[in-house]
Each structure stands twice: as structure tokens, then as C-alpha cells.
J.: 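Mind looking over this structure? Questions follow.
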Amino acid sequence: MSLNNLIDSLATNGWYVWDDFVTPEQRQAIKDCIPDIALKDARIGNKASLQGNKTIRGDQTVWLEPEMGVPITQYMDKMDAIREELNRQCYMGLRDFETHFCRYPNGAFYKKHIDNFQGQGIRKVTTVIYLNEEWQSGDGGELVVYDLQDQELFRLEPLAGRMIVFMSENFPHEVLPTQKKRESIAGWFLTEKIL
Ligand SMILES: O=C(O)CCC(=O)C(=O)O
Ligand SMILES: [Fe+2]
């Protein structure tokens with residue numbers, strides 16, 4: 001598992017799973033930067049256009065900012081290195097990255113959706129990193145990934161340190177109801193600068 005595998009797999013399959021992308025120490029340090037009080041019920045849309053809808057998703061989120069601490073800037077630097085390599089090797093034209101921390105309380109889910117409908121937004125590549133130390137079968141909360149014909153491609157347990165990367169426009173996906181608290185960091189490489 002490496003940056004080159006990610007680039008090859010993204011170019012040929014459109015997705016890639018990178019286990020142990022972050023270490024246990026990094027996961028804890030990132031979690032320690034998240035002020036609980038800042039978590040808000042998630043809404044639909046990107047950072048610029050949002051609407052609320054609890055029947056679609058039940059997670060709580062907070063946008064990550066460099067000011068939250070060194071572990072956050074280190075994570076952002078790592079993602080920026082990936083962005084530059086995707087641009088260098090695949091000419092993806094990625095110009096920015098938006099990212100938030102997510103917490104799904106017990107029972108929460110996120111119904112099937114596409115992060116970016118074709119041509120309608122600026123999200124090009126989705127990334128999700130999981131922060132759940134103890135995950136067992138039966139805990140739910142799997143990510144189910146489909147193709148554009150709505151055929152299920154695979155299911156992924158939200159195991160600590162694992163990152164999934166996929167082309168935002170090509171893979172409808174959903175989060176199955178979780179039986180315990182489920183935490184992650186989702187991010188999107190964007191084709192335009194947002195700030
Ligand atoms: O947490 C996940 O596995 C996916 C989250 C998701 O689909 C999203 O935030 O758009
Ligand atoms: Fe999504």
C-alpha cells in the first residue's frame with residue numbers, strides 16, 4: 001500500500017483502500033484536536049451550499065481547520081502531497097481540499113448518495129479515513145459502494161487507520177446503520193479553490 005498503488009488503482013478502478021494510512025498515535029492526536037462542542041448535525045451539500053435533512057444522514061460534523069492543531073495540519077499536508085501527485089501523474093486539476101470530522105451516534109446512517117453529481121459540483125475525489133479502534137462484525141456502520149448501474153461493488157468496515165479514496169462522481173455509496181459510535185474524517189479534492 002503506497003501512493004503509487006493509490007494512483008494506479010484510482011486510474012484503473014476509480015477507487016482504492018489504503019489500510020494503516022494513519023497510525024494509532026496520529027488517530028488519537030487528531031481526535032484530541034476536535035472540540036466536541038463544535039460538532040453540528042450534518043447537512044447535505046458541500047462547504048459552500050448546505051441544507052439540513054436528518055432522514056438522509058444522522059451524523060454530526062465539524063469542518064477541519066489548520067488552527068485546530070499540528071495533527072490536523074500534518075494530516076492536511078499529507079493530503080496535499082497526494083493532491084499534487086494526482087495532478088502530476090494524472091492531470092486531475094485538483095486545486096483545493098475540504099475536510100470534516102464526522103461522528104455517527106449509535107443508530108445513525110447515511111442513505112445512498114453521490115458526493116458530486118456529474119458536472120454539478122467541484123468535488124472530484126472523495127477520501128474517508130476511519131478512526132474506530134475496536135470494530136467487530138455486527139457493529140454495522142459499513143460503507144457500501146455501488147457502481148453507476150447500482151450494482152454493489154464492495155462493503156468496507158470502518159476500521160481504524162483505513163482510508164478509502166474514490167472518484168466522487170462515479171460511486172454511489174451509503175453508510176449502513178451503525179450499532180455504536182462511528183468516527184471518521186471525510187475529505188474532498190476540489191477542482192476549484194474555495195477560500
Ligand atoms: O463515512 C463514510 O464511510 C462515508 C461518508 C460519506 O459518504 C460522506 O460523508 O459523504
Ligand atoms: Fe458520501
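Both counts, for ligands and for their atoms, begin at 1 and track the order of listing.
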J.: Closer than 4.0 angstrom: is that true for some heavy atom of Arg182 and an atom of ligand 1?
T.: yes
J.: About how many Å separate CG of Leu86 and CG of Leu6, when rounded to the nearest 0.5 Å?
T.: 6.0 Å
J.: Let me check something: do Ile56 and Leu176 share a hydrophobic cluster, defined by ILVMFWY side-chain heavy atoms less than 4.5 Å apart, either directly or through other members?
T.: no
J.: Are Val144 and Phe171 linked, directly or through other ILVMFWY residues, by side chains that come within less than 4.5 angstrom of each other?
T.: no
J.: Out of curiosity, is Phe171 lining ligand 1, as in a heavy atom under 4.0 Å away?
T.: no
J.: List every atom of ligand 1 that sits less than 4.0 Å from any heavy atom of Val128, numbering the atoms from 1 in the order shown and giving each element.
T.: 1 (O), 2 (C)
J.: Are Val175 and Trp135 connected in a single hydrophobic cluster, I mean Ile/Leu/Val/Met/Phe/Trp/Tyr linked by side-chain heavy atoms less than 4.5 Å apart?
T.: no
J.: Under 3.5 Å, is there a donor-acceptor pair between the Tyr146 and Glu174 side chains?
T.: yes
J.: Cation-pi check, Arg162 to Tyr130: give yes when NZ or CZ is under 6.0 Å from the six-membered ring centre and within 45° of the ring axis, no otherwise.
T.: no
J.: For ligand 1, which is the ligand I care about here, please tell me if Trp188 has any N or O atom under 3.5 Å from one of the ligand's N or O atoms.
T.: no
J.: Identify the protein heavy atom lying closest to atom 8 (C) of ligand 1, giving its residue, its atom name and the separation to 0.1 Å.
T.: Tyr110 CE1, 3.5 Å
J.: Which ligand 1 atoms does Asp115 reach within 4.0 Å, using its non-hydrogen atoms?
T.: 10 (O)
J.: May I ask whether Leu159 and Met163 are part of the same hydrophobic cluster, defined by side-chain heavy atoms of I, L, V, M, F, W, Y residues being less than 4.5 angstrom apart, directly or through others?
T.: no
J.: Report the nearest protein non-hydrogen atom to atom 3 (O) of ligand 1: residue, atom name, distance rounded to 0.1 Å.
T.: Tyr130 OH, 2.6 Å
J.: What angle, in degrees and rounded to 10°, do you get at the Fe ion (ligand 2) when you join it to NE2 of His113 and to OD1 of Asp115?
T.: 90°
J.: Would one find an N or O of His100, backbone or side chain, under 3.5 Å from an N or O of ligand 1?
T.: no
J.: Only heavy atoms of Tyr104, strictly under 4.0 Å: list the atoms of ligand 1 that pass.
T.: 5 (C)
